[in-house]
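Working notes, structure below.
Everything quoted here is computed from the prediction, not taken from an experiment. In what follows, residues are counted from 1 in the order of the sequence shown.
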Amino acid sequence: MAATTPAPPAAARRGLAARLPAFPWDALTAAKQRAAAHADGIVDLSVGTPVDPTPASVQAALAAAADRPGYPTTIGTPALREALVDFVRRHRAAPAELDVDGVLATVGSKELVAHLPFQLGIGPGEIVAFPAIAYPTYDMGARFVGAEPLPLDLAELASRGDDALPDPSAASRIRLLWLNSPSNPTGEVLAAEQMAAIVAWARARGIVVASDECYALLPWTVDEVPSVLDPRVNAGSLAGVLCAYSLSKQSNLAGYRAAFVAGDPALVGELLAVRKQAGMMLPAPIQEAMTVALGDDAAAAAQREVYRSRREVLEPALRGAGGAIHGSQAGLYLWTSFGEEAMTTVDRLADLGILVAPGMFYGEGGGDVVRVALTATDERITAAARRLARP
């Protein structure tokens, strides 16, 4: 009788999904149902999805490019690549040395954040570091490749270097360090001096610095949002630095998945080689629409003013209801505390028909803070302010 092969241990049969934490927003189901039961309907301020129209110029470009039966290229059209270079020079202080070899369109920025460790060849035994309070996808990107996720206080890292690490010896295992300025969720902005100190520290240790700057054109209480592409930050060299950027927020293109990475041409070349093998291509009609969006500064400026007006309604309403707003110098969120646990705030506001996201979704330090988004219509923002005034 033939011998049978023993079944692998149960742990070995577990798929990747089973080894990941639960998707945070699933925990809001009950609060969302309660908020939706409000007589005047829900005001959903828990997510950062745009609600305003995509610019007419972009819609027209998409329609005109609808007949594209062939495969697009991963590298992007020459027009798109030139538009990307022009954009980062105009808006992210990129030097003249950055050319088309240092830019690459991506299928949204979340995809890039989640898969950058994989595309850089990072794996078990190595570390991906990111802000202590941060969008969860930085952490997920590390977990996807079996690397160790390491949340860090970036202000401390800028001032103290290795001493800011929980274990200074960990510096030798960090392969990728994420910055996020303006921050999602806190809206805090790193100063150019802080970013420069972090880049210098990372370079001395062979660490790639990737800076997620998707909210950079939405400053409120600061004069500027520095970029990792700025020579003041990178000491005149793009070596080892990448800027991740998205048009989802500034141009209402979340549904288009229009984003890009720019920086060190050698690193961008590595990403291009991997992405070609994986078939990671931005659809051809989206490439045409994105090219137009990158040049439509008027539309982006107009959308910023829409968000400014919503912020001017919601911020005083939150303060009037007893909220304290922290950070929030830029971006689409008001990082707000009410002197209680975050889920207590979530439940209390849900009773008013307002849904917000609890801060612990973004790290252990967010346990008493909630993230309140500006991404709702004018009518819904006004409704939220009215309800906060009459709890």
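The aromatic rings of Phe118 and His115 sit perpendicular to each other, their planes meeting at more than 60°, with 30° as the lower class boundary.
Surrounding CD of Glu364 are at most 12 heavy atoms belonging to other residues, nucleotides or ligands under 6.0 Å away. Surrounding CD of Glu148 are more than 12 heavy atoms belonging to other residues, nucleotides or ligands, all under 6.0 Å away.
Closest approach of Thr377 and Val51 over heavy atoms only: N-CG2, 3.7 Å.
Hydrophobic clustering (side-chain heavy atoms under 4.5 Å, transitive across Ile, Leu, Val, Met, Phe, Trp, Tyr) keeps Val261 apart from Tyr256. Leu104 and Val100 sit in two unconnected hydrophobic clusters of ILVMFWY residues. Membership requires side-chain heavy atoms under 4.5 Å apart, directly or through other members. Under a hydrophobic clustering in which Ile, Leu, Val, Met, Phe, Trp and Tyr are joined whenever their side-chain heavy atoms come within less than 4.5 Å, directly or via other members, Ile42 and Val356 fall into different clusters. A continuous path of ILVMFWY side-chain contacts below 4.5 Å connects Leu271 to Val113, so both sit in one hydrophobic cluster. Using a 4.5 Å cut-off between side-chain heavy atoms of Ile, Leu, Val, Met, Phe, Trp and Tyr, with links allowed through other members, Phe260 and Val225 fall into different hydrophobic clusters.
By the side chain to side chain donor-acceptor pair (under 3.5 Å) test, Glu126 pairs with Arg175, sequence neighbours left out.
For an aromatic pair to be called close, the ring centres must be under 6.0 Å apart, and Tyr135 with Phe130 fails this.
Atom CG of Asp264 sits about 6.5 Å away from atom CG of Leu242, to the nearest 0.5 Å.
Screening residues 36-57 for ring-ring contact (aromatic ring centres under 6.0 Å, His included), with sequence neighbours left out, gives no hits. Pairs passing the ring-ring contact (aromatic ring centres under 6.0 Å, His included) check and including a residue from residues 175-229, sequence neighbours excluded, read Tyr138-Trp178, Tyr215-Tyr333.
By the 4.0 Å N-to-carboxylate-O rule, Asp40 lies close enough to Arg387 to be salt-bridged with it. Salt-bridge formation is detected for the pair Asp52/Arg310: a Lys NZ or Arg NE/NH1/NH2 atom is positioned less than 4.0 Å from an Asp or Glu carboxylate oxygen. Look at Arg232 and Glu224 and you find a salt bridge, because one of the NZ, NE, NH1 or NH2 atoms lies within 4.0 Å of a carboxylate O, short of that distance. Electrostatic pairing of Glu111 and Arg257 does not count as a salt bridge here, judged by no charged N lying under 4.0 Å from a carboxylate O. Ion pair Arg380/Asp44 not flagged as a salt bridge, since none of the NZ, NE, NH1 or NH2 atoms sits closer than 4.0 Å to an Asp/Glu carboxylate oxygen.
Judged purely by distance below 3.5 Å, without hydrogens or angles, the side chains of Glu213 and Ser227 pair a donor atom with an acceptor atom. Side-chain polar atoms of Ser57 and Asp296 form a donor-acceptor pair below 3.5 angstrom.
A cation-pi geometry, defined here as NZ or CZ lying under 6.0 Å from the six-membered ring centre and within 45° of its normal, does not hold between Arg371 and Phe361.
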